[in-house]
Protein chains: 2
Amino acid sequence: MTLTDVAVKVGVSPITVSRALNRPEKVTDELRETILEAINELGYVPDFAARALASRNSNTIGVLSSMLGSSIFPPVMKGIEDRMRNSGMRIQYVNTSFCAEEEIRLLKEFFAQNPAGIMIGGVQVDPRVTDLLRQAPCPVIQFIDISYPAIDMAIGVDNRAAGKVAIDHLLAKGYRRIGFCSGRVDIPVTMRLESYKERLTQEGLYNPDLVISVSAENPLSLGGEILDRLLAAEPDLDAVLCSHDDLAIAVLFECQRRGIDVPYQLGVCGFSDIDYSAYTVPSLTTVRMPLYRLGYSAANMILRVNEGRKHTEPVDLGFELIERDSTRRDTQ
Amino acid sequence: MTLTDVAVKVGVSPITVSRALNRPEKVTDELRETILEAINELGYVPDFAARALASRNSNTIGVLSSMLGSSIFPPVMKGIEDRMRNSGMRIQYVNTSFCAEEEIRLLKEFFAQNPAGIMIGGVQVDPRVTDLLRQAPCPVIQFIDISYPAIDMAIGVDNRAAGKVAIDHLLAKGYRRIGFCSGRVDIPVTMRLESYKERLTQEGLYNPDLVISVSAENPLSLGGEILDRLLAAEPDLDAVLCSHDDLAIAVLFECQRRGIDVPYQLGVCGFSDIDYSAYTVPSLTTVRMPLYRLGYSAANMILRVNEGRKHTEPVDLGFELIERDSTRRDTQ
DNA sequence: TTGTACGCGTTATCAA
DNA sequence: TTGATAACGCGTACAA
């Protein structure tokens with residue numbers, strides 16, 4: 001079932017059918033309707049590859065990220081899809097590992113598709129990846145973090161500022177011996193950590209032994225390890241700032257198991273405000289990132305480029321400290 | 001940068017370069033090496049669309065599911081990608097809504113890509129969707145549930161049997177007034193629910209008012225509603241079987257808030273064994289589904305079809321009751 | 001083992 | 001407003 005079949009049925013040339021679909025305004029209303037009817041009757045669906053080859057544009061937007069399987073991704077994904085629906089664009093999700101070689105391979109492969117845009121999550125630090133992105137044959141949006149110089153467009157959160165708000169909150173609540181734990185140390189984590197170091201150093205409270213990085217298939221399994229390591233370094237530990245809500249919740253659960261009183265004995269704070277955070281007991285204080293809007297707006301920016309309206313300035317979506325029970329104690 | 005550019009550089013015809021890539025055994029070792037070198041030097045990457053058009057095969061495998069954003073999907077995704085890596089196949093994830101019209105549209109659009117295979121999660125009940133899948137131009141694997149007749153291939157879990165194991169466990173633990181709550185009622189849920197009804201009816205314990213369905217953007221928010229509705233129907237409720245761990249955990253959290261003693265006052269059991277389930281306090285009894293293997297094996301089945309080795313029988317991956325603290329009480 | 005000729009289904013370009 | 005022709009980059013079929 002091809003364009004030609006439709007054309008024959010209607011008695012026009014294939015290019016007219018093509019136009020009826022792609023540039024409806026260039027075909028008489030009447031003819032267009034006849035054509036669309038025929039298309040419906042015959043069940044014609046345009047061939048994706050032929051279109052991409054002839055027009056040198058696949059109408060495909062790649063979403064490359066190492067977090068596709070993470071708990072923060074679903075709302076981002078929903079935002080992207082809500083905006084892209086009926087835009088004629090296809091979305092191609094690509095999981096990236098943390099290996100630069102692999103990412104380069106994936107990017108090159110993706111470029112071979114004549115993509116209409118790339119959304120890349122997190123910011124790659126390897127200069128080869130950065131170079132490749134700079135030469136991308138399509139608009140590139142980096143999302144999640146904007147405290148780092150952008151390659152093309154960028155949207156997200158100023159993680160340095162978010163980190164400062166979190167650590168300031170813990171200090172305001174009277175916590176003094178505060179640990180920092182993260183999973184893999186990527187750019188957002190680095191930015192949050194810098195604020196942590198800076199503020200605690202200012203207060204004369206910084207202890208490098210209280211900064212730890214942990215990893216496992218399942219972040220929820222790390223609660224015990226985090227507490228063990230931090231308490232070994234500082235038996236009087238009174239708070240933990242976690243780079244992600246998953247880890248913070250792991251700590252909350254472990255505190256319950258050990259009978260550690262949160263927030264009085266130990267304050268706990270995370271980042272992101274995932275679905276679980278409002279409902280744990282005690283509920284988790286966190287810095288909320290507007291994840292749905294992140295996806296929606298990033299998609300919007302890509303689509304806007306085609307209309308010639310391109311954001312050149314990084315878009316700061318802001319964040320919000322959500323104070324909940326895991327740090328809600330009387331100021332000492 | 002095209003095949004021809006490489007061919008010119010090496011001094012052969014384009015088709016030879018094509019063969020060096022796709023049928024390496026049909027080209028002299030020496031020549032092949034020269035060609036591969038040139039490809040590397042020039043940074044040539046095959047054009048995806050041209051390939052798909054000429055060969056009438058996009059080497060793309062679609063993963064269509066309404067659960068791409070759910071907490072059970074990440075391990076499935078990882079399994080799929082681990083198996084597909086270096087297979088030359090591309091994976092296209094497509095979020096389906098629960099609307100049949102929309103799914104039909106998405107399927108037709110996807111068929112226009114000359115796909116190499118389709119993995120479709122959950123089983124669609126609409127006959128139009130089923131018909132469309134039966135006429136698919138590629139192998140189709142239904143995954144997640146196999147207690148329903150398969151269209152082509154199927155892999156997953158017998159949810160009817162899993163439901164029976166769960167309800168039997170609750171009965172064995174002495175629970176008698178057992179509620180069932182689910183989110184959207186899809187095929188797996190229906191199957192689990194049937195076992196629940198059947199067993200409780202056998203025991204003379206079935207009460208239709210204790211079967212409820214709830215929904216919200218965030219399943220974690222539903223703990224209060226679930227308990228309210230079930231307790232209103234049966235003030236002496238002593239257990240809840242949830243169609244998914246997310247909901248069960250929402251119930252656990254709400255019990256903590258209300259001071260309801262789990263497992264003594266109320267037993268709680270879920271399905272899937274997601275990352276959180278082993279670490280909540282109390283930990284959650286659940287029926288573990290081999291999600292990683294589900295993805296890996298489904299991908300494997302698709303790839304095997306090309307080698308002419310096709311599973312026609314549904315593949316039952318089995319499941320396992322994981323008894324944890326949310327039902328661990330002395331049998332009464 | 002390598003090459004020639006052609007076709008895949010669509011769109012760009014230019015002409016009518 | 002519509003059409004003829006060529007091209008997109010690659011793979012198939014067959015020939016050398």
Side-chain angles (χ1 to χ4, degrees), chain A residues 1-36 38-39 42-60 88 90 108-116 137 306, chain B residues 1-36 38-39 42-60 88 90 108-116 137 306:
Chain A
M1 193 52 51
T2 74
L3 212 50
T4 309
D5 296 324
V6 179
V8 167
K9 170 157 179 136
V10 179
V12 294
S13 77
I15 186 65
T16 306
V17 179
S18 169
R19 276 196 279 253
L21 287 170
N22 302 326
R23 302 198 188 334
E25 75 281 2
K26 304 206 120 196
V27 171
T28 341
D29 288 4
E30 193 188 3
L31 181 51
R32 186 174 60 245
E33 279 194 21
T34 319
I35 291 175
L36 293 181
I39 285 176
L42 296 176
Y44 164 76
V45 182
D47 183 287
F48 176 74
R51 242 182 194 183
L53 181 59
S55 67
R56 298 177 247 340
N57 180 352
S58 65
N59 285 327
T60 295
R90 309 169 43 75
K108 284 194 177 156
E109 194 181 285
F110 189 70
F111 289 165
Q113 264 185 93
N114 294 315
N306 297 327
Chain B
M1 193 51 52
T2 73
L3 213 50
T4 309
D5 297 323
V6 179
V8 168
K9 171 159 177 131
V10 179
V12 294
S13 77
I15 186 63
T16 306
V17 180
S18 167
R19 277 197 278 252
L21 287 170
N22 302 325
R23 303 204 187 323
E25 76 281 2
K26 302 205 122 198
V27 170
T28 340
D29 288 2
E30 195 187 1
L31 181 53
R32 186 174 58 246
E33 280 193 22
T34 317
I35 291 176
L36 293 181
I39 285 176
L42 296 176
Y44 164 76
V45 183
D47 183 286
F48 177 72
R51 233 176 204 191
L53 183 58
S55 67
R56 291 173 267 315
N57 182 350
S58 64
N59 285 326
T60 295
R90 309 169 42 76
K108 283 192 179 158
E109 193 181 286
F110 189 71
F111 289 166
Q113 265 186 88
N114 294 317
N306 298 326

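Chain naming here is simple, since letters A, B, ... match the order of the sequence lines and numbering starts at 1 in each.
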Give A:Pro14 one of three labels, base, sugar-phosphate or nothing, depending on what nucleic acid heavy atoms sit under 4.0 Å from its own.
->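 Counting heavy atoms under 4.0 Å across all strands, no contact is made by A:Pro14.
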[X]: side-chain contact (heavy atoms from CB on, under 4.5 Å) partners, not counting sequence neighbours:
| X | value |
| --- | --- |
| B:Pro24 | B:Arg32 |
| A:Glu109 | A:Arg105, B:Arg90 |
| B:Arg19 | B:Ile15, B:Lys26, B:Val27 |

First of B:Glu25 and A:Asp47 reached from the 5' end of DNA chain C, by closest nucleotide =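 Looking at the nearest nucleotide for each, B:Glu25 comes out on the 5' side.
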Rounded to the nearest 0.5 Å, how far does CG of B:Leu36 lie from CG of B:Leu21?
-> 6.5 Å
Gap between atom CZ of A:Arg23 and atom OG of A:Ser18 - 0.5 Å precision = 8.0 Å
Rounded to whole Å, the CG-P distance (B:Leu53 to D:dC8) equals 13 Å
Length of the line joining A:Asn114:CG and D:dC10:C1', which is rounded to integer Å =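 Taking CG of A:Asn114 and C1' of D:dC10, I get 13 Å after rounding.
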Within residues 1-14 of chain A or reaching into it, pairs that qualify as side chain to side chain donor-acceptor pair (under 3.5 Å) - sequence neighbours excluded |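 Counting only pairs at least two positions apart or across chains, the side chain to side chain donor-acceptor pair (under 3.5 Å) contacts touching residues 1-14 of chain A are A:Lys9-A:Glu41, A:Ser13-A:Thr16.
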Bend across the helix from C:dT1-D:dA16 to C:dA16-D:dT1, to 10°, with axes taken over 5 pairs at each end?
->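 Terminal axis comparison yields 30°.
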Extract all donor-acceptor atom pairs below 3.5 Å that involve side chains of residues 44-51 of chain A and protein atoms in other chains or at least two apart in sequence.
residue: A:Asp47; atom: OD1; partner: A:Ala49; partner atom: N; Å: 2.9
residue: A:Asp47; atom: OD1; partner: A:Ala50; partner atom: N; Å: 2.8
residue: A:Arg51; atom: NH2; partner: A:Asn22; partner atom: OD1; Å: 3.2

Between which nucleotides of DNA chain C, 5' to 3', does chain A make heavy-atom contacts below 4.0 Å?
-> C:dG9 to C:dA12
Counting only N and O atoms by type, is there a donor-acceptor contact under 3.5 Å from the side chain of A:Ser58 to the main-chain atoms of A:Ala52?
-> no
Using a cut-off of 4.0 Å between protein heavy atoms and nucleotide atoms, how would you tag nucleotides 11-16 of chain D 5' to 3' with B, S and -?
-> SB----
A:Ala38 versus A:Val6, closest heavy-atom pair with distance =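 Looks like CB-CG1, 4.2 Å.
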More than 12 heavy atoms of other groups within 6.0 Å of B:Glu25 CD | yes
